Amino acid sequence: QVQLVESGGGLVQAGGSLRLSCAASGRTFSTYTTYIMGWFRQAPGKEREFVAGISLRGGRTNYADSVKGRFSISRDSAKNTMFLQMNSLKPEDTAVYYCASRERGYLIRASPSEYEYWGQGTQVTVSS
């Protein structure tokens, strides 16, 4: 099993910044079995959507169009931790943000069904 724990959410004004962290642990977690990690978000009444993804060994990244140029995903493989730096936040970024990990395959996928493990989520609220 893999455990993922997010932190760093909160309330921020539009134009502000937040940095989310996702700490991974568990008996089976390693960069030899978990190739991809990603951030998703879900706003009230909406489906969970892809935000950004990263390959743990090669550092490849991918972003949703809505966050390109504002958000940056990174990882510290030695600490099994992934980050999401969010700048120029907008009210429409308000959502619960989840981190997820993927063991099946080497590609960054945007569908939540491609990810096996999920964190509990952290709330991000952007006020106008």
Side-chain angles (χ1 to χ4, degrees):
Q1 280 284 37
V2 173
Q3 289 82 44
L4 302 174
V5 179
E6 304 97 335
S7 61
L11 173 64
V12 65
Q13 288 188 332
S17 298
L18 282 174
R19 189 190 195 209
L20 304 183
S21 299
C22 174
S25 62
R27 182 176 60 86
T28 61
F29 184 86
S30 80
T31 56
Y32 293 97
T33 54
T34 299
Y35 304 107
I36 304 295
M37 292 188 72
W39 287 100
F40 289 77
R41 66 187 181 187
Q42 188 166 18
K46 295 188 176 181
E47 294 186 351
R48 191 167 297 188
E49 65 174 0
F50 174 79
V51 176
I54 188 168
S55 64
L56 295 186
R57 301 186 74 182
R60 290 176 291 112
T61 59
N62 195 14
Y63 297 91
D65 288 343
S66 59
V67 306
K68 280 181 182 177
R70 301 188 298 122
F71 291 11
S72 177
I73 189 171
S74 61
R75 90 282 191 222
D76 182 338
S77 296
K79 296 182 179 180
N80 291 343
T81 303
M82 177 178 66
F83 306 98
L84 185 68
Q85 178 67 43
M86 305 185 294
N87 299 326
S88 302
L89 283 161
K90 305 175 181 180
E92 50 263 43
D93 294 317
T94 295
V96 177
Y97 283 71
Y98 298 90
C99 70
S101 65
R102 179 169 191 256
E103 297 181 353
R104 296 170 296 175
Y106 302 93
L107 299 179
I108 300 171
R109 297 292 191 187
S111 172
S113 64
E114 298 283 353
Y115 293 75
E116 295 90 357
Y117 298 102
W118 292 84
Q120 82 288 350
T122 185
Q123 176 70 46
V124 171
T125 303
V126 184
S127 63
S128 58

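Remember, predicted model here, so these are calculated numbers, not experimental data.
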Locate the shortest heavy-atom distance separating [X] from [Y]; write the atom from each residue and the value.
{"X": "A110", "Y": "F40", "result": "O-CE2, 3.4 Å"}
{"X": "S101", "Y": "V2", "result": "OG-CG1, 4.2 Å"}
{"X": "A43", "Y": "A95", "result": "N-CB, 3.8 Å"}
{"X": "G38", "Y": "M82", "result": "O-CE, 3.5 Å"}
{"X": "M37", "Y": "A24", "result": "CE-CB, 4.4 Å"}
{"X": "L84", "Y": "W39", "result": "CB-NE1, 3.5 Å"}

Kindly work out whether a path of hydrophobic side-chain contacts (I/L/V/M/F/W/Y, heavy atoms less than 4.5 Å apart) joins I36 to Y106. yes
Could you note down all residue pairs passing salt bridge (charged side-chain N to carboxylate O under 4.0 Å, His left out) where residues 69-89 supplies at least one of them, sequence neighbours left out? R70-D93
Just jot down the side chain to side chain contact (heavy atoms under 4.5 Å, CB included) partners of R109, sequence neighbours excluded, or say none. R102, L107, E114, Y115
Could you list the residues that satisfy side chain to side chain contact (heavy atoms under 4.5 Å, CB included) with V96, not counting sequence neighbours? Y98, Q123
Quick check against the 3.5 Å criterion: does Q120 have a side-chain atom that pairs as donor or acceptor with the backbone of V5? no
Only one of V67, T61, V51, N62 passes side-chain contact (heavy atoms from CB on, under 4.5 Å) with I73; say which it is. T61
Not counting sequence neighbours, list each pair that qualifies as a ring pair (Phe, Tyr, Trp, His ring centres under 6.0 Å) and has a residue in residues 59-95. none
Test V12 against M86 for side chain to side chain contact (heavy atoms under 4.5 Å, CB included), laying out the working first. CA-CA 11 Å; V12 65; M86 305 185 294; over 6 Å; no
Pairs involving residues 44-56, ordered by first then second residue, that meet side-chain hydrogen bond (donor to acceptor under 3.5 Å, both in side chains) (sequence neighbours left out): R41-E49, Q42-R48
Please list every donor-acceptor pair under 3.5 Å in which a side-chain atom of residues 15-22 meets a protein atom from a residue at least two apart or in another chain.
{"unit_1": "S17", "atom_1": "OG", "unit_2": "N87", "atom_2": "OD1", "d": "2.9"}

